[in-house]
Amino acid sequence: MVHTLDLVALEAGEDERILTPEHVGGSGNDWKVTMRRLRGGLSEGVVTLDVTHGDLRYVVIPTRGFGLWKAWHRGEEFGWQSPVRGPVHPQFVNLGEPSGLGWLDGFDELLVRCGWESNGAPEYDAASGRLVYPLHGRIANKPAHAASLTYDDTTGQLSLTGIVEETRFHFTKLRMRSTIATTKGARRLVIADEIENFSASPTAVQMLYHVNFGRPLLDGGSQLVAPVERLVPRNAHAAANVASWPTYAPPVPGFAEEVYFMSLYGNAAGQSHVLLKNAAGTHGVSLLFPLQQLPCFTQWKNTTAVADGYVTGLEPGTNFPNPRSFEAEHGRVVPLGPGERAPFTLTLELHTQSAEVQAAEQQVLEIQADRPTQCFDQPQPTWCS
Amino acid sequence: MVHTLDLVALEAGEDERILTPEHVGGSGNDWKVTMRRLRGGLSEGVVTLDVTHGDLRYVVIPTRGFGLWKAWHRGEEFGWQSPVRGPVHPQFVNLGEPSGLGWLDGFDELLVRCGWESNGAPEYDAASGRLVYPLHGRIANKPAHAASLTYDDTTGQLSLTGIVEETRFHFTKLRMRSTIATTKGARRLVIADEIENFSASPTAVQMLYHVNFGRPLLDGGSQLVAPVERLVPRNAHAAANVASWPTYAPPVPGFAEEVYFMSLYGNAAGQSHVLLKNAAGTHGVSLLFPLQQLPCFTQWKNTTAVADGYVTGLEPGTNFPNPRSFEAEHGRVVPLGPGERAPFTLTLELHTQSAEVQAAEQQVLEIQADRPTQCFDQPQPTWCS
Amino acid sequence: MVHTLDLVALEAGEDERILTPEHVGGSGNDWKVTMRRLRGGLSEGVVTLDVTHGDLRYVVIPTRGFGLWKAWHRGEEFGWQSPVRGPVHPQFVNLGEPSGLGWLDGFDELLVRCGWESNGAPEYDAASGRLVYPLHGRIANKPAHAASLTYDDTTGQLSLTGIVEETRFHFTKLRMRSTIATTKGARRLVIADEIENFSASPTAVQMLYHVNFGRPLLDGGSQLVAPVERLVPRNAHAAANVASWPTYAPPVPGFAEEVYFMSLYGNAAGQSHVLLKNAAGTHGVSLLFPLQQLPCFTQWKNTTAVADGYVTGLEPGTNFPNPRSFEAEHGRVVPLGPGERAPFTLTLELHTQSAEVQAAEQQVLEIQADRPTQCFDQPQPTWCS
């Protein structure tokens with residue numbers, strides 16, 4: 001039987017609300033959801049949903065675009081340590097700063113969506129120099145206006161749903177319905193998003209999942225295992241180290257980020273799979289996603305000192321995070337007619353045992369099979385702005 | 001006898017406060033005011049005053065410059081459906097965005113004041129390209145710091161008063177005292193604002209009432225009845241359809257807005273009157289205002305699809321909403337010496353019966369009488385930037 | 001015995017918390033600290049710490065960078081009347097506004113720190129015209145994420161500690177630990193700040209204490225007594241009145257601010273001392289600080305009308321508040337290696353009796369002794385941008 005509960009906004013006098021199967025007319029303690037309003041510093045007013053479901057725990061941030069802050073499996077943390085003390089309330093993030101870099105003030109999540117009007121590097125008007133599209137778009141700093149919880153006591157599936165809009169009168173009218181689902185006993189988070197153009201006029205969107213891992217998973221010798229068709233370094237700096245793209249360095253103070261753009265292979269169903277594993281091969285994380293929805297994959301290596309945010313971003317997207325106009329020129333936007341919807345599905349699988357890592361790696365290798373990888377040693381004009 | 005009650009800010013633990021005649025030492029149930037703190041999404045933290053007085057209901061938003069969100073007469077709604085999900089808290093509106101268009105993120109009110117340092121289109125510094133004046137000014141996103149309620153049990157008049165400031169050290173020092181009054185049995189909202197320059201140095205201000213109507217009032221065949229002296233299309237696009245300025249189209253997806261600037265005639269007392277009525281002539285709304293205070297009238301036709309905000313703006317102002325410098329050049333700013341105050345009065349009358357619409361139309365026609373309308377078929381250099 | 005109490009953030013349902021010696025396991029009523037969440041207008045959500053300790057009272061604003069709002073000695077107020085109705089919550093201050101002047105919307109404190117990436121005038125990119133560094137930096141609008149109270153019942157010293165960060169991923173990683181201490185019976189506030197670069201890469205910071213006084217202390221004939229080594233007017237306008245730099249005018253509507261840059265002499269321990277006293281010599285305030293930490297002193301004379309903010313700023317800093325690049329060119333930034341900390345100490349002494357003023361003046365004169373003052377009558381190229 002399926003039970004649904006509206007997660008009505010916290011009220012005055014309420015900083016915490018605990019929900020268990022009882023609250024949806026069930027019983028037992030298979031899961032617990034704590035809705036919490038954070039207090040103090042840059043987190044003042046942020047609402048989080050802290051979910052425990054079997055051996056999985058994860059924290060969703062409705063206030064920050066229904067992103068995913070951190071996850072744990074059997075008590076082991078997945079995420080990263082940003083120098084930013086978050087989660088940061090959007091009131092403290094100035095996306096309109098002329099540099100277009102204000103987004104960086106709020107960046108500390110495991111999974112942050114970038115989009116939807118644009119999702120890449122800041123873009124400025126050529127004539128006036130004025131900012132047109134801020135870094136990574138607006139959606140990570142838009143609060144969900146509705147959320148609900150659904151529990152199916154037959155399948156043991158628990159899911160959280162949130163609705164977030166990116167709307168500007170005369171311009172964008174986009175709405176996302178996002179569902180994050182887990183099943184009892186599993187170690188997967190299945191994220192199913194659907195973006196609707198609720199305008200009566202056509203538009204075009206971009207979506208990128210900026211999925212980030214640092215300590216303890218990421219270490220010197222960590223590897224990205226991916227079924228790569230083509231790989232292109234974003235710029236000359238990344239080109240210099242292209243040969244070592246699959247391998248991560250230990251923390252190096254002052255390390256300058258390296259970015260690689262890729263197209264991946266998928267399985268017969270069109271699903272791709274990338275694996276990040278630690279040096280010892282005892283821990284890892286898999287990202288699974290359909291290439292039809294998310295055809296572009298970006299690897300961001302930022303193996304700077306831990307204090308500065310030792311992290312890698314694994315970024316399946318509709319495009320590469322170049323400026324919006326460049327991507328549109330090369331057809332990497334998703335047209336959405338009036339009322340049309342674009343679905344995006346992304347699965348995260350957390351591995352905390354060698355056998356799990358090995359099984360995941362085997363799956364990636366099977367996708368690659370004997371298909372070739374074309375690895376460019378220089379930026380390519382149609383992929384790199 | 002006149003009773004006054006300070007509407008002290010809602011406290012921790014208090015999301016709603018209901019006020020009735022009892023709270024001012026009276027009795028009966030002639031009116032009810034609900035003070036409410038909204039929760040969730042972009043509305044988080046917005047405080048509203050929801051007033052019922054006889055057959056009238058209206059919602060004031062102290063958090064958004066003491067604007068008017070919506071109104072109802074005998075249960076019929078006046079206002080519009082913006083694609084923006086509001087009312088939007090100013091923390092989510094970035095007026096400083098380099099484009100100057102951040103204001104659009106919060107735009108969903110029936111009546112929103114524009115001003116006071118500037119009230120028109122964004123203006124950029126010619127040399128640097130930097131934003132100088134953002135679209136429609138700052139005041140719609142300044143919260144009132146004080147509010148009160150006054151009830152006169154002899155006349156049956158209920159009024160709400162709010163105080164809003166637009167202040168920047170070294171620059172603007174302006175304070176508005178706004179009173180919105182209704183009388184038992186009437187279907188009028190009388191808005192009496194007074195802007196004070198509380199600086200010891202002179203300044204100049206602009207004020208524009210952006211009064212907006214969509215469904216259900218606005219429909220294909222709706223008409224604006226106005227005692228027009230001169231009418232000028234804002235640009236070539238509006239010029240192409242100037243002949244049909246009084247008539248509204250049904251919702252048309254992708255419709256590009258048309259704007260007409262007008263000077264109006266007034267009655268012997270200098271009061272003008274414009275009427276918006278639906279196609280059937282069964283419903284309408286009148287705006288009454290003194291031409292000495294608000295000599296410029298702007299009609300904004302935005303008959304796009306309902307999903308995108310099918311709406312017309314009726315905009316009495318001290319000027320036309322061109323960039324600030326252009327308006328100053330043409331003398332359309334209000335100089336305010338040290339301590340000087342400028343009063344503005346605007347009355348909204350809600351018509352929900354044909355006879356009321358007809359009576360209002362008759363009043364407009366009497367103002368026009370046999371005076372001529374000069375209708376330009378092209379933008380004019382002193383009116384159009 | 002030393003007692004410490006964490007000042008955990010106010011929760012839902014809690015707008016006020018009163019702390020006395022009892023709360024740290026002591027007794028008596030030597031002090032009282034009221035933690036308060038402000039409501040209404042631009043102050044909505046601001047948390048203040050209102051401290052009474054013997055004859056001293058002062059209000060700290062954790063929400064605004066742990067600045068100091070106002071202080072009182074024996075009931076007499078020190079601070080100023082800004083036209084800005086504060087304290088203003090950072091959500092209403094747009095530091096990213098293209099002009100770089102958004103900071104002015106929140107400016108009403110007795111002591112506001114400027115820094116740390118930059119602390120001076122706005123700076124724009126020469127090529128694009130885009131804002132690079134906003135006026136006076138970001139820290140006054142960063143909320144403290146932690147605060148505590150310490151009471152030593154042996155010495156009678158009460159201190160408040162707050163932690164504030166200025167962090168941007170890929171850029172700044174700075175953390176301040178600030179302690180404001182008072183001792184029973186004294187009329188001194190001792191502010192001890194320490195800024196840490198918690199990055200693994202080197203950086204450079206700027207700090208300026210913008211300490212502001214108006215009515216009732218400041219009046220026509222007030223004087224700044226300072227042990228000046230060199231004095232330079234910031235611009236031609238200030239140069240025109242350089243001869244009268246030590247003396248303040250009464251409020252003059254429309255007065256254009258005058259700024260003087262100075263290097264000061266110190267005592268044998270390297271401590272300098274400046275005194276602001278009223279015309280009658282009955283009231284004053286002293287600022288004491290080590291020249292090694294704060295070698296540059298700026299006097300800001302803004303003797304405009306009281307309504308517009310009649311005020312003087314006494315500003316010990318690591319540099320002069322010119323644009324960041326100019327100051328860096330002239331070596332006026334503080335390099336901070338990975339993990340390095342820079343301490344800053346500033347003491348305010350409040351004088352409410354002639355004898356106290358005279359004693360302070362004597363101390364300043366002793367520092368000057370017979371050392372010469374070099375007073376330039378024109379801006380100098382290495383000091384003035």
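The structure presented is a predicted model; accordingly, all values stated were derived computationally and were not measured.
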A.B. asks: Begin from the C-alpha positions of C/Phe169 and A/Ser82 and carry the test side-chain contact (heavy atoms from CB on, under 4.5 Å) through to its verdict.
C.D. replies: CA-CA 7 Å; C/Phe169 184 75; A/Ser82 174; 4.3 Å; yes
A.B. asks: Non-hydrogen atoms of chain C under 4.5 Å away: do they reach the side chain of A/Ser128, the backbone, both or neither?
C.D. replies: backbone
A.B. asks: Only counting residues at least two apart or in another chain, list the ones meeting ring pair (Phe, Tyr, Trp, His ring centres under 6.0 Å) with A/Tyr260.
C.D. replies: none
A.B. asks: Does C/Arg177, at its CZ atom, have more than 12 non-hydrogen atoms belonging to other residues, nucleotides or ligands within less than 6.0 Å?
C.D. replies: no
A.B. asks: Chain C: which of A/Pro253, A/Ala305, A/Pro83 shares the most heavy-atom pairs with it under 4.5 Å?
C.D. replies: A/Pro83
A.B. asks: Please test A/Asn94 against C/Asn94 for side-chain contact (heavy atoms from CB on, under 4.5 Å), starting from the C-alpha separation and ending with a verdict.
C.D. replies: CA-CA 8 Å; A/Asn94 192 328; C/Asn94 192 327; 2.8 Å; yes
A.B. asks: Could you check if a side-chain atom of C/Leu10 sits within less than 4.5 angstrom of a side-chain atom of A/Arg39, using non-hydrogen atoms only?
C.D. replies: no
A.B. asks: How long is the gap from OG1 on C/Thr172 to CG on A/Leu104, to the nearest 0.5 Å?
C.D. replies: 10.5 Å
A.B. asks: So which residues of residues 129-148 of chain C are in contact with chain A at a heavy-atom cut-off of under 4.5 Å?
C.D. replies: C/Arg130, C/Leu131, C/Arg138, C/Lys142, C/Pro143, C/Ala144, C/His145
A.B. asks: Is C/Glu165 salt-bridged to A/Arg85, going by a charged N under 4.0 Å from an acidic O?
C.D. replies: yes
A.B. asks: Can you tell whether the side chains of C/Arg168 and A/Glu97 come within less than 4.0 Å, N to carboxylate O?
C.D. replies: yes
A.B. asks: If you look at every heavy atom in A/Asn302 and C/His170, which pair is closest and at what distance?
C.D. replies: OD1-CE1, 3.5 Å
A.B. asks: Mind checking what makes ring pair (Phe, Tyr, Trp, His ring centres under 6.0 Å) contact with A/His89, not counting sequence neighbours?
C.D. replies: none
A.B. asks: From C/Arg37 CZ over to A/Glu44 CD, what is the distance, rounded to the nearest 0.5 angstrom?
C.D. replies: 6.0 Å
A.B. asks: Could you please state which residues from residues 194-204 of chain C sit under 4.5 angstrom from chain A, measuring non-hydrogen atom to non-hydrogen atom, sorted by number, or 'none'?
C.D. replies: C/Phe198, C/Ser199, C/Ala200, C/Ser201
A.B. asks: At a heavy-atom separation under 4.5 Å, does C/Ile163 approach chain A through its side chain, its backbone, both, or neither?
C.D. replies: neither
A.B. asks: Taking every heavy-atom pair that is under 4.5 Å apart, which of A/Pro98, A/Ala307, A/Gly102, A/Gly106 has the most such pairs with chain C?
C.D. replies: A/Pro98
A.B. asks: Show the nearest heavy-atom pair for residues C/Thr167 and A/Asp105, with the distance to one decimal.
C.D. replies: O-OD1, 3.8 Å
A.B. asks: Only pairs of heavy atoms separated by less than 4.5 Å count here; which of A/Glu11, A/Glu16, A/Glu257 has the most with chain C?
C.D. replies: A/Glu257
